[in-house]
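Before any comments, here is the structure.
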Amino acid sequence: NRTPLMAGNWKMNLNHVEATGVVEKLAWTLKDAKYDASKSEAAVMVPFTDLRTVQTLVEGDKLPLAYGAQDVSVHDKGAYTGEISADMLAKLNVSYVVVGHSERRDYHAESDELINDKAKVVLAAGMTPIICVGEKLEVRKAGEHVPFVLAQIDKVLDGLSADQVGSLVIAYEPVWAIGTGEVATPEDAQEVCGAIRSRVAELVGQEAADAVRIQYGGSVKSSSAPDIMAQPDVDGALVGGASLDPEEFAKIVLFYT
Ligand code: 13P
């Protein structure tokens, strides 16, 4: 009874004016297709500057859409120029915060320890972290992807309670599949997502392992989504490029309806 989460990660795309058009089109497309929100949850992870606009649309029109941010500061407040706190996001009724995306790890040198701290501040503020893990191509070629990802899992979940782990979302995003058009096979996605769930059971128990949602991300399109989403340990998708096109993203969300 894990409700799959189909989340669009807009990355640094769509200003707040463009966001309005995309969210409205997405909502209309879902409505026309009789989207059933009890079967899958739709969400968009938007730039900070879009959050207030998206909040107004979602709350004003009661859209069946959650929204979130793509990063957060580990600090509460103070002299951290350019940063955004978890409380600031919670005040905008944000549901989800992506932490540890591979682009943050690569371009901002984010470590597993920092990502663990970010997950903790997101949880403390009453929101749900979407914690990203995934290996690069050289690790996959060496056949080390499962132990590599499990080592990331151990660090990013360090110190979290079973209840906390059960409530969050883990996104398995192999770096070689991000933005490359080279989607993982359903078997590849299942292998790692299944291994993550088993590790969660070892770390904090079976109940949390049964509850935690594990997404696949990396070049997901409406054509590739169904076979991957059908895997037993895959509970939705984190979608980059394809989420910028509301009709294409709607097709991905509607897979479960
Ligand atoms: P693409 O779907 O564009 O490959 O991006 C995946 C991703 O990084 C989502 O967070």
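Below, all heavy atoms of this structure are taken into account, side chains as well, without hydrogens, waters or symmetry copies. Given the structure is predicted, the values throughout are model-derived calculations rather than measurements.
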message: I'd like to know whether Thr185 forms a side chain to side chain donor-acceptor pair (under 3.5 Å) with Asp188, so could you lay out the CA-CA distance, the side-chain angles of the two residues, the decisive distance to 0.1 Å, and finally the verdict.
response: CA-CA 5 Å; Thr185 64; Asp188 288 341; 3.2 Å; yes
statement: Taken in chain and number order and not counting sequence neighbours, the residues that satisfy salt bridge (Lys or Arg N to Asp or Glu O under 4.0 Å) with Arg199 are Asp154, Glu202
task: Quick one: name the residues clustered hydrophobically with Val74, using the 4.5 Å side-chain heavy-atom rule over I, L, V, M, F, W, Y, and just say none if it's on its own.
output: Leu114
- request: Not counting sequence neighbours, which residues clear side-chain hydrogen bond (donor to acceptor under 3.5 Å, both in side chains) with Lys120? List them please.
  value: Asn116
message: Ignoring hydrogens and geometry beyond distance, is a side-chain donor-acceptor pair present between His108 and Glu103 at under 3.5 Å?
response: no
message: Tell me every residue that passes side-chain contact (heavy atoms from CB on, under 4.5 Å) with Phe48, counting only those two or more places apart in sequence or in another chain.
response: Leu51, Ala69, Asp71, Ile84, Leu89
- request: Identify, with sequence neighbours excluded, every residue that meets salt bridge (Lys or Arg N to Asp or Glu O under 4.0 Å) alongside Glu135.
  value: Arg140
Would you list the atom pairs, donor with acceptor, under 3.5 Å between side chains in residues 22-29 and any protein atom, with sequence neighbours excluded?
residue	atom	partner	partner atom	Å
Lys25	NZ	Glu247	OE2	3.4
Thr29	OG1	Lys25	O	2.6

message: Between Glu41 and Arg213, does any side-chain N to carboxylate O distance fall below 4.0 Å?
response: yes
- prompt: Would Lys251 and Asp245 pass as an ion pair if we require N to O under 4.0 Å?
  reply: no
statement: Students should find that the hydrophobic cluster of Val17, defined by side-chain heavy atoms under 4.5 Å apart, otherwise consists of none
query: Do side-chain atoms of Gln152 reach the backbone of Gly134 as a donor and acceptor pair under 3.5 angstrom?
result: yes
field: Residues in side-chain hydrogen bond (donor to acceptor under 3.5 Å, both in side chains) contact with Asp87, at least two apart in sequence or another chain
entry: none
query: If you group Ile, Leu, Val, Met, Phe, Trp and Tyr whenever their side-chain heavy atoms sit less than 4.5 Å apart, what else falls in with Leu238?
result: Leu5, Met45, Tyr96, Val98, Ile130, Val169
query: Within a strict 4.5 Å, meaning less than it, do heavy atoms of the Glu248 and Lys221 side chains meet?
result: yes
message: Can you list everything that forms a side-chain contact (heavy atoms from CB on, under 4.5 Å) with Asn93? Sequence neighbours excluded, please.
response: Gln55, Glu59, Tyr67
query: Quick one: side-chain hydrogen bond (donor to acceptor under 3.5 Å, both in side chains) partners of Asp210, sequence neighbours excluded?
result: Gln206
query: Does a salt bridge link Asp36 with Lys39, judged by any charged N lying under 4.0 Å from a carboxylate O?
result: yes
query: Side chains of Val204 and Leu160: closer than 4.5 Å at any heavy-atom pair?
result: no
field: Partners meeting side-chain hydrogen bond (donor to acceptor under 3.5 Å, both in side chains) with Asp235 (sequence neighbours left out)
entry: Arg2, Arg197
task: Give a yes or no on whether a salt bridge exists between Glu110 and Arg104, defined as a side-chain N under 4.0 angstrom from a carboxylate O.
output: yes
